[in-house]
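Computed over heavy atoms, backbone and side chain alike; hydrogens, waters and symmetry mates excluded. Order of listing sets the numbers, starting from 1, for every ligand and every atom in it.
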Amino acid sequence: MILTGTLEITLSKPLPSEAINDMPKIVEFLNEDYLKRGARRVEDAATITEFNANLNTIIMKIKTGTKVRLDEASLRVKNVLANSMGNKYRIGIRKLALKDVKVILDTKISISLKLPFIKGITEANGKTIIELTELYEDDLKRPLFLRLMQLIEEKEKRMKWGGKAEHWVLLKNSDIRIQKPITMDPNKILEEIGWIKRMSIGQWLYTPPLTHLLNALKKLFLDEVVKPLGFQEAIFPKMYPLEVGLKTGHLKGVINSIVFASLPKSYDLSEFEELIDSMYVMDSIEPEDLQKYLKPPTYFLCFAQCEPFYWFFENEILDDNILPIKWFDMSGPSFRWESGGIHGIERVIEFHRIEVVWLGKPEQVIEIRNKLLERYEYFMDKILELEWRMAWVTPWFYEQSGVVQEEVKSINIDVPGTIDFEAWLPYKGPREDNKNWLEIGNISIHGTKFTEPFRVKHNKGDILWTGCSGFGSERWLLALLAQKGFDVNDWPKKFLEYVKASPFPRSVISVSYPRTKEGKELLNQVISKLNW
Ligand code: ATP
Ligand code: ZN
Ligand code: MG
């Protein structure tokens with residue numbers, strides 16, 4: 001990225017000829033020294049390529065990289081001039097204007113023309129030139145310029161990833177375990193036998209039998225993984241103010257998958273009279289009519305489930321006594337608009353998750369991740385006896401250097417990033433094909449991704465990191481059923497022990513439920529195995 005612009009400095013009085021003679025020296029100092037400070041490579045710093053002093057204006061053409069940006073360079077030029085002209089000639093600086101500002105990018109990117117400061121965008125030979133409107137000293141002091149650069153850099157990074165959300169490298173996998181793969185889709189079976197009923201797209205009611213299985217699995221996970229590592233339960237809200245999502249980055253990154261919530265415009269019931277009357281008479285409600293009675297959305301529904309954790313520690317100063325902090329939350333659902341990807345209980349709009357979160361110094365955060373990783377492996381391998389694999393995934397926003405780690409041997413997992421756990425879903429097809437595997441959970445360490453925007457500080461100035469891990473209950477159960485089937489004799493011993501710990505709930509069997517004859521028969525088969 002190259003930035004160019006013309007800096008116009010208006011002085012309080014015309015320059016005497018001695019001052020004009022001083023200019024080359026001042027520019028030399030700026031170019032050789034002051035404008036290069038803070039950048040390792042010359043092309044990342046700033047250079048004055050042309051200058052001209054005339055009466056009471058000084059004009060400089062400046063070209064910069066991204067370390068000493070045009071705005072910063074302009075302010076540095078001003079400082080130096082103000083000092084030398086002020087001391088020697090009693091000349092002040094009246095006005096600073098940056099004109100013909102261009103941001104030249106080596107890639108093709110698109111950016112909203114509605115953004116303030118953007119005048120135009122042209123594209124030629126794979127390059128993009130963004131022209132900005134004239135900027136004044138106040139604009140240069142605001143971080144807007146910096147944020148625009150960040151936006152452009154993020155767009156460029158995303159481009160380099162070619163639309164892929166993440167980069168995937170296998171870390172470890174289990175032995176081949178399944179000899180006779182089950183080809184039936186457990187999602188379909190669950191619906192057919194009536195253990196789940198679809199309320200709306202991607203949203204289900206789980207009847208007591210399925211709830212019983214989900215609870216057994218969750219309890220097993222808590223007992224085997226979460227509690228032995230000393231995590232303590234908290235209850236997080238499930239509807240977050242928009243500001244929280246601005247800070248976590250979710251609104252910028254995944255706004256297309258977020259479900260939003262609105263409050264009514266009024267608490268006065270009489271103001272809804274028209275709408276209520278219409279419902280009485282028409283026995284229907286049009287979302288467009290309802291919208292007129294609602295405020296614009298001010299909340300978004302639980303997306304990553306760990307957002308409230310970072311929010312809680314916002315602006316706090318923590319000392320060693322309470323670090324590391326290890327919590328988990330399982331108090332409610334997460335919501336995601338998954339559009340066309342919705343399937344059964346494995347990809348839903350409303351799902352349930354045990355979210356494990358922690359905060360500490362980098363070495364603490366890494367150590368906790370490592371312990372969790374060990375327990376997760378034990379859980380997948382020895383407790384649930386799954387066919388699993390784990391992979392290091394680098395989401396595009398963590399990719400810093402432009403070079404993605406390709407070699408498994410050279411993978412350093414002690415940097416911010418994510419480990420995904422995946423299970424083979426035999427009903428989808430052969431294990432050799434990646435699309436037949438499902439992400440069931442993950443562990444991330446975030447570095448300062450959240451402690452920075454939420455300004456979570458250590459009293460001695462040490463760096464603080466966070467980590468989180470999501471155990472999506474539906475996905476784990478689905479994976480288990482896909483690999484082990486519905487015959488309890490094939491279920492892993494420990495899981496069965498938890499299932500049997502309390503009486504198995506009754507299934508709903510009635511005149512019209514489950515809907516089909518086949519469903520009823522299948523249900524009877526499943527139930528007969530559950531008779532202990
Ligand atoms: P995928 O790539 O499969 O969409 P993801 O990367 O979006 O998964 P995360 O954002 O890492 O998933 O969420 C953490 C965990 O939450 C997942 O590992 C999974 O167990 C669960 N999860 C995420 N999205 C859904 C969903 N739509 N339905 C059910 N569980 C989900
Ligand atoms: Zn999280
Ligand atoms: Mg997803």
For the residue pair [X] and [Y], confirm or rule out a side-chain donor-acceptor distance under 3.5 Å.
| X | Y | answer |
| --- | --- | --- |
| Thr207 | Lys197 | no |
| Thr248 | His250 | yes |
| Ser507 | Trp195 | yes |

### Message
Using the rule ring-ring contact (aromatic ring centres under 6.0 Å, His included), only one of Tyr498, Phe379, Phe495, Phe421 pairs with Phe221; which is it?
### Response
Phe379
### Task
Check each of Phe231, Tyr310, Phe309 against Trp327 using the ring-ring contact (aromatic ring centres under 6.0 Å, His included) test, and report the only one that passes.
Phe309
### Task
Show the numbers, then the answer: is there a side chain to side chain donor-acceptor pair (under 3.5 Å) between Asn412 and Asp414?
CA-CA 6 Å; Asn412 172 16; Asp414 291 346; over 6 Å; no
### Task
Compute the shortest N/O to N/O distance between Val348 and ligand 1 and return yes if it is under 3.5 Å, no if not.
yes
### Query
So is Phe471 polar-close to ligand 1, meaning N/O to N/O under 3.5 Å?
no
[atom]: nearest protein contact (heavy atom, Å):
| atom | result |
| --- | --- |
| atom 11 (O) of ligand 1 | Asn442 ND2, 2.4 Å |
| atom 7 (O) of ligand 1 | Arg336 NH1, 3.0 Å |
| atom 27 (N) of ligand 1 | Glu338 OE2, 2.6 Å |
| atom 21 (C) of ligand 1 | Phe351 CE1, 3.7 Å |
| atom 16 (O) of ligand 1 | Arg353 NH1, 3.4 Å |

### Message
Could you check whether any side-chain N or O of Arg369 sits under 3.5 Å from a backbone N or O of Ile413, counting only pairs where one atom can act as donor and the other as acceptor?
### Response
yes
### Query
Sub-3.5 Å donor-acceptor pair from the side chain of Thr466 to the main-chain atoms of Leu359, do we have one?
no
### Shortest heavy-atom approach to atom 4 (O) of ligand 1 - which of Arg347, Glu439, Gln305
Arg347
Distance under 4.0 Å to a non-hydrogen atom of [X]: what atoms of ligand 1 satisfy this?
| X | answer |
| --- | --- |
| Gly472 | 20 (O) |
| Glu346 | 28 (N), 29 (C) |
| Gly441 | 18 (O) |

### Task
Identify the residue among Tyr240, Phe335, Trp337, Phe303 that makes a side chain to side chain contact (heavy atoms under 4.5 Å, CB included) with Ile258.
Phe303
### Message
For Ile440, which part has a heavy atom under 4.0 Å from ligand 1: side chain, backbone, both, or neither?
### Response
backbone
### Task
Could you tell me whether the Zn ion (ligand 2) has an N, O or S atom of Glu355 under 2.8 Å away?
yes
